[in-house]
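Heads up, the thing below is written out as structure tokens.
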Amino acid sequence: MTQVRVRFAPSPTGLLHIGGVRTALFNWLFARQQKGVFVLRIEDTDQSRSTDESIQAIIEGMKWVGLDWDEGPYRQTERMDLYRSHAMQLLEKGRAYWCACKAEELDARRKEAEAKGLSPKYDGRCRDRGLTNQAGDAALRFKAPQEGETVVDDLIKGKIVFDNNVQDDLIILRSNGYPTYNFSVVVDDALMNITHVVRGDDHLTNTPRQVPIFQALGFPVPQFGHLPMILGSDKARLSKRHGATSIMAYKDMGYLPDAMVNYLVRLGWSHGDQELFTRQELIEKFSWKNVQTSAAVFNPEKLLWVNEQYIKKSDPKQVAMLLWPHLKQAGLEDTEEYKKEPLASALQYGEPTEWLVNLVVMVRERTKTLLETVHWVRPYFGQTVTFEDEAAKKFLTPAIAPIVGKLLTRFEAFPAFSKQQWEGAFKQLVEEEGVKMGQLAQPVRVALTGRTASPGLFDVMEVLGRDRTLFRLRQGIERAFHT
RNA sequence: GUCCCCAUCGUCUAGCCUGGCCUAGGACGUCGGCCUUUCAAGCCGGCAACACGGGUUCGAAUCCCGUUGGGGACACCA
């Protein structure tokens, strides 16, 4: 059994798209499962649209989402000699010919054909002219078979039959000497010994163009697999108008890489009723036969739910580390608490403090993204609290100040914080005063966090610690007299 | 226009290959309830789908044909 070799071959013409990540993911899963090789190849033969920034964006995105590659990144622009020499081979074999038609002429003829309701394919006028490329401005065309059929046995869609008479002679070398996509992929996939070409559905009709080129070059034809597309809510191909499509935008919005992977893989693949998978499980359970044949609509709400599950169930240390950059972005880096985070500025190293980890555990039940986590975690940074006006106005009133004062006195009597002890004191006071739990709890909550919603009061005190709890209680009482 | 792909709740999907176990299961969302010091979480329950029409068969979501609908491709883009 030969070793499985797969590849992800994006073109660097923009940010790394969610659809691209999913394609990469299926390839990666298959490679890891089969103990094969995952190749990253940058298809940058369109020099007018390719940029180095895009290459960086692809690499950054792949790394963030944890899809590591074994070979590459290769760049097609560094392999020009290979494409040219193989193109010349085809010319020598009589499987290619020079075409002197100008781009504008072809354009005009295509439009004309379309207007007449004919197929817009190349009319083959240079096919038998035996031209040479003396002027150096001709394009080289592949002599595509015009008879018979090309059969593709797709890993996902099954057997597909294409009539060869609908294929035209595609250009393999542009007049500027650069190869075109359909040619460079074939040369690369062949030379890189790619065994399984797995890509988006939109490439399905490229397959019957590419297969004859493999054959003409004398290369074995790889297995093909075509993944269904990802659609927007209106069932049109997913694009920016449906919202964020770049993978890094999701990082910025506070999504976890594992959550993205989990959501994306379930978009078109399933394993019974299971919704959540570890990476190891995905690698073990992945199978082509469970890949969906039809397109899927991207659903941001379900993605949000998956992310929420990961925030809740992942190792809180991991979550805390992923939280660091967001804390900084939120302007919390000047607080004492942030400064205690050992390596928050070099987030790839070290571990978060126990304090932060506990904080994450305390708030994670109520956050769906890391951005929300930041919001919930914010009151615990810094000595003083920022009151939300509405909250203070409603709960920190002169009427309530005395009882909060009594609570403060009792707490002050304790030399250290003890959840059990303090909660007992709190409940006793509530009973003595004959008030409802909430009548005291809400003012205290506002005093401690500045807001009307928070985790359990005594968890809050624990994270705050004795001194800050007392400090904020005093602060709250003071505020109460000023309302 | 030509070629190709696809079709189960609003959405992601299980079931389809190997027809009966399907009065079609799960998940997201949504609606209602329980729990509760707030906000969540959690738990329980409700609503909700086999695109349509023909066949084949004792029996079809499952097999076949057609229709309709959706998507993709037809570049010196990838």
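Letters go in sequence order (proteins before strands), and every chain restarts at 1.
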Practice item. Report the nucleotide, chosen from B:U37, B:A73, B:C76, that has the shortest atom-to-atom distance to any side-chain atom of A:R237. Key: B:A73
Practice item. Could you state the atom-to-atom distance from NZ of A:K235 to P of B:U68 in whole Å? Key: 19 Å
Point to revise | Heavy-atom donor-acceptor pair, A:R95 side chain to A:L90 backbone, under 3.5 Å | key: no
Point to revise | Sugar-phosphate only, base, or nothing, as touched by A:S270 at under 4.0 Å among non-hydrogen atoms | key: sugar-phosphate
Practice item. Looking only at side-chain atoms of A:T293, point me to the closest of B:C6, B:C4, B:U37. Key: B:C6
Practice item. Look at all strands and tell whether A:T45 reaches a base, only sugar-phosphate, or nothing, counting heavy atoms closer than 4.0 Å. Key: sugar-phosphate
Check your understanding: Given the P atoms of B:C16 and B:C63, what is the spacing between them in whole Å?
Key -> 9 Å
Review point. If you check the A:V166 side chain, which of B:C12, B:C3, B:C4 turns out closest?
Key: B:C3
Review point. Among B:C5, B:U37, B:G25, which is the nearest nucleotide to the side chain of A:D273?
Key: B:G25
Review point. Under the salt bridge (charged side-chain N to carboxylate O under 4.0 Å, His left out) test, which residues partner A:R445, sequence neighbours left out?
Key: none
Review point. Between B:C31 and B:C9, how far is it from one C1' atom to the other, in whole Å?
Key: 15 Å
Practice item. Please test A:F417 against A:F458 for ring-ring contact (aromatic ring centres under 6.0 Å, His included), starting from the C-alpha separation and ending with a verdict. Key: CA-CA 10 Å; A:F417 177 80; A:F458 303 96; 7.7 Å; no
Exercise for review: Mind checking A:K312 for me? I need base, sugar-phosphate or nothing, with any heavy atom below 4.0 Å counting as a touch.
Suggested key: sugar-phosphate
Revision key, fill the gap. The nucleotide from B:G26, B:C76, B:C6 with an atom nearest the side chain of A:R110 is B:C76
Study note, to complete from the structure: Exactly one of A:K427, A:K406, A:R410 clears salt bridge (Lys or Arg N to Asp or Glu O under 4.0 Å) with A:E432, and that residue is A:R410
Exercise for review: For B:A41 versus B:A78, give the span between their C1' atoms, rounded off to a whole number of Å.
Suggested key: 46 Å
Exercise for review: Spell out, as yes or no, whether a donor-acceptor pair under 3.5 Å connects the side chain of A:N307 to the backbone of A:L256.
Suggested key: yes
Check your understanding: Only one of A:T293, A:D201, A:D202, A:T207 forms a side-chain hydrogen bond (donor to acceptor under 3.5 Å, both in side chains) with A:H226, so which one is it?
Key -> A:T207
Check your understanding: Quick one: on RNA chain B, does A:E365 or A:Q76 contact a more 5' nucleotide (nearest heavy atom)?
Key -> A:E365
Exercise for review: With heavy atoms under 4.0 Å as the rule, sort A:E308 into base, sugar-phosphate or nothing.
Suggested key: sugar-phosphate
Practice item. Pick the C1' atom in B:G20 and in B:A40, then give their distance to the nearest Å. Key: 47 Å
Revision key, fill the gap. Quick note, A:R366 side chain, CB onward, closest among B:C74, B:C3, B:A40 is B:A40
Point to revise | A:P120 side-chain proximity, nearest of B:G1, B:C28, B:A78 | key: B:G1
Check your understanding: Just checking A:G268: base, sugar-phosphate only, or nothing, at a heavy-atom cut-off of under 4.0 Å?
Key -> sugar-phosphate
Point to revise | Whole-angstrom distance between B:G42 and B:A27, as gauged at atom P | key: 12 Å
Check your understanding: When the distance from CG of A:N307 to P of B:G29 is rounded to whole Å, what number comes out?
Key -> 13 Å
Check your understanding: Using a cut-off of 4.0 Å on non-hydrogen atoms, how would the nucleic acid contact of A:H203 be classed: base, sugar-phosphate, or nothing?
Key -> base
Practice item. Using the closest heavy atom to pick a nucleotide of RNA chain B for each, name whichever of A:R209 or A:S11 lands nearer the 5' end. Key: A:R209
Exercise for review: Check every strand shown and say whether A:N206 touches a base, only sugar-phosphate, or nothing at a heavy-atom separation below 4.0 Å.
Suggested key: base
Exercise for review: Taking atom C1' in both B:A24 and B:A60, compute the distance separating them and give it to the nearest angstrom.
Suggested key: 13 Å
Revision key, fill the gap. Quick note, A:A139 side chain, CB onward, closest among B:G10, B:A41, B:C76 is B:C76
